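Chain letters run A, B, ... following the sequence lines, proteins first, then strands; residues in each count from 1. Computed from heavy atoms alone, side chains included, the values below leave out hydrogens, waters and symmetry copies. Computed from a predicted structure; not experimentally measured.
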2 protein chains.
Amino acid sequence: MGVRAQQKEKTRRALVDAAFNQLSAERSFSSLSLREVAREAGIAPTSFYRHFKDMNELGLTMVDEGGLTLRQMMRKGRQRAEAGGSVIRISVDTFMEVLESNPNVFRILLHERSGTSAAFRAAVEREIEHFISELAHYTEAQANRTPLLARAQAEALVILVFNAGASALDLKRSERKALADQLVLQLRMVATGAEALQQKMDNRT
Amino acid sequence: MGVRAQQKEKTRRALVDAAFNQLSAERSFSSLSLREVAREAGIAPTSFYRHFKDMNELGLTMVDEGGLTLRQMMRKGRQRAEAGGSVIRISVDTFMEVLESNPNVFRILLHERSGTSAAFRAAVEREIEHFISELAHYTEAQANRTPLLARAQAEALVILVFNAGASALDLKRSERKALADQLVLQLRMVATGAEALQQKMDNRT
DNA sequence: AAGTTGAGCGTACATTTGTACGCTAATTTA
DNA sequence: TAAATTAGCGTACAAATGTACGCTCAACTT
């Protein structure tokens, strides 16, 4: 890659990073202005357009990138689970760690999920869908579920986890433990219930 | 109430209604400006301050009012359930009807739940908490659950319902049916799972 | 070596925003 | 009836925003 393209990429990164860094509990992506992001990235407002058509395009980039980061981290965590132990417990712990080290990635996903732009909502939904279908396949194979049931179960699990994540963002580390415990309990409910419903269906044939 | 106070109340209502009416899939409360709301309500921007300290105060009013509306409607729907039939099915159907007739009430709750103001998040959480504890008491009595289990179960149920509501907002009426069906399935999973876990606990003593 | 490209800049402008201030006129109080 | 209160208005202003336009000069192409 030429010097020029390299520099361009660097500036683009600076923009994305600047935007991520400005997110917080008090600041959502949609409340960021183009000028603020440019300022934080150390470039002139008008230079922004050399990289993104508008803030929307930057935001979508962030959602995609964030979702990817999350999935990679969760996948890495899942490898730990293969060593044995409760899949649920280990997944929840991994999730909480990921949350703690990437709060802003989470914030943009959570907020824009119920956001004001259809494109954003769709993008977030796509990311969540990745989690759901990965999990559904896993359960379908592992626990011998009907696709329909596996899907419903996986979706319920993911929703509960994401929701707990949203709550966790507002909590101190000490309070998160209790949250995690309750989440584990809820996930077990779903898993147990799905199993029971599956059995009932199997017996009926 | 004097003529004066009456007129004031009327204008206040006009402001609240104006704000609600401007909400849509493309427009969140936090993206509304004070001037827009005043314009829609037919008053001068500066007159806004005769009724609310700032937009934040208006928003909190809307959350409280919206939450109340929702709870009243759900309660009315629950009376239908007493006539017999699946509690879960009837509740879900009621919920979907409420959603359809008050989409904007829902929008503000859903959006501000993951919003940028701690006060808003707390207010929404308070409203959701109402639902959860009402439901937890119901299950505790009805199904003889441990408080801890009842709470976890109720929370899971409410989260799944609200989440489905968020998805439903983006769907056509025809597509909502499938969503409702899956939601029912998920709620049954939780209920069945909670029951199983409760049994297991009871047997252990 | 000469010519082309394009990332980044500065200037400029029209819009929109929140809100301070002081007035008016109708209602309420005394 | 006289005085006090106050909802609503119009004017005004500083701040911020998105973005059009044209320039520069380093990097790349030919």
Tell me whether Asn163(A) contacts the main-chain N or O of Ala166(A) through its side chain, where contact means a donor paired with an acceptor under 3.5 Å. no
In this structure, how many angstroms lie between the C1' atom of dC9(D) and the NE2 atom of His51(B), rounded? 12 Å
Ile43(B) CD1 - dG18(C) P separation (whole Å): 13 Å
Hey, does the side chain of Arg39(A) come within less than 4.0 Å of dT17(D)'s phosphate (OP1/OP2), counting only N and O? yes
Taking Gln153(A) for the side chain and Ala194(A) for the main chain, is one N or O donor matched with an acceptor at less than 3.5 Å? no
Give a yes or no on whether Asn144(A) atom CG has more than 12 heavy-atom contacts from other residues, nucleotides or ligands under 6.0 Å away. no
Could you check how far CZ of Arg13(A) sits from C1' of dA7(C), rounded to whole Å? 18 Å
Identify, between Met1(B) and Ala44(A), the residue whose nearest nucleotide on DNA chain C lies closer to the 5' end. Ala44(A)
Side chains of Thr116(B) and Arg27(A): donor-acceptor distance under 3.5 Å anywhere? no
Phosphate contact (dT17(D) OP1 or OP2) by Ser33(A) side-chain N/O below 4.0 Å: yes
Phe106(B) and Phe162(B) aromatic ring geometry - parallel, tilted or perpendicular at 30°/60° bounds: tilted
Just by protein heavy atoms under 4.0 Å, how would nucleotides 19-25 of chain D read 5' to 3' in B, S and -? BBB----
Any sub-3.5 Å donor-acceptor pair from Arg121(A)'s side-chain atoms to Ala25(B)'s backbone N or O? yes
Once you round it to whole Å, what is the distance between P of dT19(C) and CG of Asn56(B)? 11 Å
Tell me, which of residues 4-12 of chain A have any heavy atom that sits under 4.0 Å from an atom in DNA chain C? Arg4(A), Gln7(A), Lys8(A), Thr11(A)
Is a side-chain donor-acceptor pair under 3.5 Å present for Arg113(A) with Ser114(B)? no
Between atom CZ in Phe48(A) and atom P in dG8(C), what is the gap in whole Å? 13 Å
Can you name the residues that form a side-chain contact (heavy atoms from CB on, under 4.5 Å) with Thr11(B), not counting sequence neighbours? Gln7(B), Ile43(B), His51(B)
Distance in angstrom units between Leu32(B) CG and dT17(C) P, rounded: 10 Å
State whether the side chain of Gln182(B) and the backbone N or O of Leu179(B) hold a donor-acceptor pair below 3.5 Å, judged by distance alone. no
